2 protein chains.
Amino acid sequence: MAARPDNTHQARLLRLLRDEGARSRAELGEVVQLSRSKLALELDRLVTLGLVESAGLAVSRGGRRSGIMRVASRVRFVGIDIGATSIDVAVTNGELEVLGHLSTPADVRDGPAIILDQALELLGKLRAKGVATEINGAGIGLPGPVSFREGMPIAPPIMPGWDRFPVLEAMSQELRCPVLVDNDVNVMALGESHAGLARSVDNFLLVKIGTGIGCGIVVNGEIYRGVSGSAGDIGHIRVDDRGPTCSCGNTGCLEALFGGTALARDAVVAARSGRSPFLAERLSETGALTAQDVAAAATAGDAVAGQMIREGGRHIGKVLASLVSFFNPGLVIIAGEVADLGHILLAQIRSVVYQRSLPLATGNLPIVLSELGGTAGVIGATRLISDHVFSGTHA
Amino acid sequence: MAARPDNTHQARLLRLLRDEGARSRAELGEVVQLSRSKLALELDRLVTLGLVESAGLAVSRGGRRSGIMRVASRVRFVGIDIGATSIDVAVTNGELEVLGHLSTPADVRDGPAIILDQALELLGKLRAKGVATEINGAGIGLPGPVSFREGMPIAPPIMPGWDRFPVLEAMSQELRCPVLVDNDVNVMALGESHAGLARSVDNFLLVKIGTGIGCGIVVNGEIYRGVSGSAGDIGHIRVDDRGPTCSCGNTGCLEALFGGTALARDAVVAARSGRSPFLAERLSETGALTAQDVAAAATAGDAVAGQMIREGGRHIGKVLASLVSFFNPGLVIIAGEVADLGHILLAQIRSVVYQRSLPLATGNLPIVLSELGGTAGVIGATRLISDHVFSGTHA
DNA sequence: TCACTTCTGCCTTTCAGTGGACAAAGTCCG
DNA sequence: CGGACTTTGTCCACTGAAAGGCAGAAGTGA
């Protein structure tokens, strides 16, 4: 079934039904400026394609009841969010409502064969539950630089073995449906733009602080990827001339000062030195420390942990202040595991940004934590592929 | 004469004729995918509107000779580039070739009434020479934040008295033609995108180092202005925690370290302290020093001046390295008076950026000096308004 | 039950665009 | 120099799509 719309009107109708939910024919006619005959024609075609279906009658507005149209209830999109240490897979309907969501810990360094197999396995479990039969498209987010056009990772630092592996090709053959592959940060930004706080904002930034640090850039409602697809790669901006050495070879990179890895490293140091009893206890219990432990310590009132977070917030704030002056966004979202550090971090970032950027740029600039959390990635992935499938941009 | 095209085809034809020059009807037919009859129809309409005219016959391609079409020779656009210390006015034909260009020193702090009058006076002189009778549109660049939609400056730091002055309204009434107003840096970026090194680059940055420091951002061939129009305002990014106090109140701003004003200030200090005999002599000759004097000193082999430029280049490079990582542009252009400092500056900037940004972003990233120099602004201004007039985006 | 409203499907009218035919204007070759 | 072939521009009949009128279906309220 080559269920692809073939014109702009159909694309508009599909996106409207996806984002605003079911709508009566009469309402659709008022929103999109089309004659009744044209509207009926295009809707008929979409019904024939199997992308739209009628769903009973609307309540009367004083006369004959109008027929309700919606995205076909059998439409299914798959979102796959591969992180450095986890895999998330979700299945949504045509309105991008999550019907099923599974997650599993995984080490991306195991390579594409193993990791993609695990993702397919999760999808298999969801299918076994009956949430999906046929799949209309799948979006995939990967934790590193991706060539969007080619659908493959390019020299990813934390994903050895993935370099130039044809993820798009492999997965579209496996799933027999359209597939798009993008950077996980971009995918999260799309998720926030679709279902999160950025819904009404055209230009915004999403800063993800996970194992590494990246930034999704949305311009005019669309992901900006730069000329070689590496836009938003802010983890290696230098913030401290005398900082620690980073995996990239330079010193003082943002990521080396406050990524998940850096935070864990500093936490271990603090525990061993005896400056933080809380972290020392955790370390002896579990044998390792993560960003979550630091968050827990700070919440429990541990001074050293609090100081670590404030310090990190200052570094993020410094970089963000520059980017805000440069990009003048309407919103900044902080996301990623480390975002669990919560309001201590947020307060520090806000204070630095508001102090260092010009009033014209910060005057009406909310800086917020992601509301979607772990689902932003998978939702964004389905949004990515649904935009593609609904646009009729043929492969 | 409401000479506005009314559809996309006409806009495409006009832009093609503007950017690629006169073309035979046959060639136009091959480039835009239109049937011969439709093409003839649209061209006829454009001729009726007075925007296009025929210009003789092309050489034969083996059969009947084709008729050449071009943008009407009577079409005139005006570009006005108001800088902190100068006014440039140029008149171009419909292909944006400069027919006349006048420049005068001026102090923007004299306020809108005086400055805009001076600009109109320059335009009057050009008209007196006969380069223009009727004017189809005018673009204006101003040295500060501009609300593009409203066509007026918003809280400009170096333009007291201009705040919310309705430049667009005033000038369009005066000139009786469509007018657009934008930040001078954006306008320069458009100029480089039209006639400079950025012609084939979709995403690039133009860093202007003049009295202040600003950055024009081009995304997908169009100026990105941000949500409140202040995007690219990089002059007040902090680069040195212990730097001098800036006019904005913060310390260590890029602009306070290496703007034209800062450079002149440092030059005077160097001259008075006796460390630079060259600058001392210049100072005693003219009673003041500018960026040009520093450039001259460096060229003459003055060690202190060279050091000042290298130091400045390092600061610019630091900021630029961050922006390159973030934005992943295909080109960076250095422009402004201070760009006269030339290759010493450029070499320093390149060295810092290439060292500090990731290979994926810098792999194919030229960093160059502006070729257009002083004309980038006026050309960009005419490009701005011609895009508007040719698009049929009615006022 | 009746007057009125809203909504949809059908049908006719209208119109812009296409593509072919034809004439005009050249080239090329014997 | 003339005829065959090529390219270009215009004219026109045809086509397909969109708009809008009309009528019937389906509702409300008195």
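Since we're looking at a predicted model, the values are computed, not measured. Convention: sequence-line order gives letters A, B, ...; per-chain numbering from 1.
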Got a list of protein N/O to nucleotides 13-17 of chain C N/O distances below 3.5 Å?
residue, atom, partner, partner atom, Å
C/dG17, OP1, B/K38, NZ, 2.9
C/dG17, OP2, B/K38, NZ, 3.3

Roughly how many Å is it from [atom1] in [X] to [atom2] in [N], rounded to a whole number?
X	N	atom1	atom2	value
B/R61	C/dA25	CZ	C1'	15 Å
A/L34	C/dT8	CG	C1'	16 Å
A/L39	C/dC10	CG	C1'	16 Å
B/L43	D/dG9	CG	P	10 Å

By the ring pair (Phe, Tyr, Trp, His ring centres under 6.0 Å) test, which pairs, at least two apart or in different chains, include something from [range]?
range	value
residues 36-76 of chain B	none
residues 11-60 of chain B	none
residues 23-80 of chain B	B/F77-B/F390

Query raised in the report: For DNA chain D, which residues in residues 24-31 of chain A have a heavy atom at a distance below 4.0 Å?
Result: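 Correct list: empty, so none.
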side-chain contact (heavy atoms from CB on, under 4.5 Å) partners of [X], counting only residues at least two apart:
X	result
B/R61	B/A26, B/E27, B/E30
B/E371	B/L197
A/K129	A/L102

Can I get a per-line list of side-chain donor-acceptor pairs under 3.5 Å for residues 168-175 of chain B, giving both atom names and the distance, sequence neighbours left out?
residue, atom, partner, partner atom, Å
B/S172, OG, B/L168, O, 3.1
B/S172, OG, B/E169, O, 3.2

Can I get a per-line list of side-chain donor-acceptor pairs under 3.5 Å for residues 187-196 of chain B, giving both atom names and the distance, sequence neighbours left out?
residue, atom, partner, partner atom, Å
B/E192, OE2, B/S370, OG, 2.5
B/H194, ND1, B/R383, NH1, 2.9

Query raised in the report: Any side-chain heavy atom of B/D182 sitting closer than 4.5 Å to one from B/I140?
Result: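 The answer is no; the side chains never approach within 4.5 Å.
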Requested in this report: Using a 4.0 Å cut-off on protein heavy atoms (strictly under), produce a 5'-to-3' string for nucleotides 21-30 of chain D with B for base contact, S for backbone-only sugar-phosphate contact, and - for none.
Outcome: BB-BBBBS--
Query raised in the report: What pairs meet the salt bridge (charged side-chain N to carboxylate O under 4.0 Å, His left out) rule with one or both residues in residues 46-57 of chain B, with sequence neighbours excluded?
Result: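 Those involving residues 46-57 of chain B are B/E53-B/R70.
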